[in-house]
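The block underneath contains the structure these notes are about, expressed in structure tokens.
None of the values given here were measured: they were computed from a predicted structure.
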Amino acid sequence: MARKFLHRILPDQSKLEQSRVLRALGPWVLHPAVWTLHRRSVAGGVAAGLFCGLFPAPFQMLGAALFSFLFHWNLPVAVMMTFYTNPITFITLYVLALQLGIGLLNLVLPAQESQGKTTESFPPPPDFDFRQPIASFTQLGEWALGMGWPLVVGVFTLAFSLGVTGYVLTRLGWNLWVRWEVIQRRTRRSGRS
């Protein structure tokens, strides 16, 4: 069902090749796998979008597009999947990434515990005020920069985990859908006989 919907809204290859803008960007943009819907390209697009969704704002879609071009994954799916991070989910995901990073660094570098670098020594994230979004994002950025390596390690670990999970679940879901469709087709054929 989702595939039929995406087929309706995505342009076909001939229309893409007629676009001056896309031709100017080069052959990577016009590669058929970047625009077609098959299990490898869609699963890769999901993985790229989930991985790049945790990057800072201007690099989310650019990173997802770059992965799509390099690995021939579906570009629209990759870009759309980056939207799971938004002002509502962003803080929760980064706090989770920070906790993950602190836990991983405490496992790898247990000597830091004796220097006071435990979970309790990091300040909580600032409250987000929707009436003043620019000031809130500035405060959030300053808070994130103050976290240093635990946040970097946590973000990349969480992004990698989300990407791999998204890829695997998309492939499994696609396979289950195909099997269900085959069973439905067989049932319809046997009913006609």
Shortest non-hydrogen contact from [X] to [Y]?
X	Y	answer
H72	R40	O-NH1, 3.5 Å
L100	L158	CD2-N, 3.8 Å
W73	G44	CE3-O, 3.0 Å
S68	L75	OG-CA, 3.6 Å
P76	V34	CD-O, 3.7 Å
Q60	T82	O-CG2, 3.8 Å

Rounding to 0.5 Å, atoms CG (L93) and CG (L98) come to a distance of 12.5 Å

Between atom CD1 of I102 and atom CG of L107, what is the distance when rounded to the nearest 0.5 Å? 12.0 Å

Could you state whether [X] and [Y] fall into the same hydrophobic cluster, counting links through intermediate Ile, Leu, Val, Met, Phe, Trp or Tyr residues with side-chain heavy atoms under 4.5 angstrom apart?
X	Y	value
L62	F156	no
M81	F160	yes
L172	I183	no
L104	L54	yes
L96	L50	yes

Residue Y84 excluded, over 12 heavy atoms near OH under 6.0 Å: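 Yes, OH of Y84 has more than 12 neighbouring heavy atoms, counting only those of other groups under 6.0 Å.
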
Please report the C-alpha distance between N74 and H38 in whole Å, then the side-chain angles of each, then the deciding distance to 0.1 Å, and finally whether the side chain to side chain contact (heavy atoms under 4.5 Å, CB included) criterion is met. CA-CA 9 Å; N74 190 285; H38 55 77; over 6 Å; no

Given the side-chain rings of W177 and W174, with only the six-membered ring counted for Trp, is the space between their centroids under 6.0 Å? no

Are F67 and F51 near enough that their ring centres are under 6.0 Å apart? yes

Evaluate the criterion ring-ring contact (aromatic ring centres under 6.0 Å, His included) for residue pair F90 and Y94; output intermediate values, then yes/no. CA-CA 6 Å; F90 181 77; Y94 266 63; 4.5 Å; yes

Is there a side chain to side chain contact (heavy atoms under 4.5 Å, CB included) between R39 and N175 once you walk through the steps? CA-CA 8 Å; R39 64 183 86 180; N175 288 339; 2.4 Å; yes

Any Y167 side-chain heavy atom under 4.5 Å of V46 side chain: no

Verdict with supporting geometry, F59 and C52, side chain to side chain contact (heavy atoms under 4.5 Å, CB included): CA-CA 8 Å; F59 302 108; C52 295; over 6 Å; no

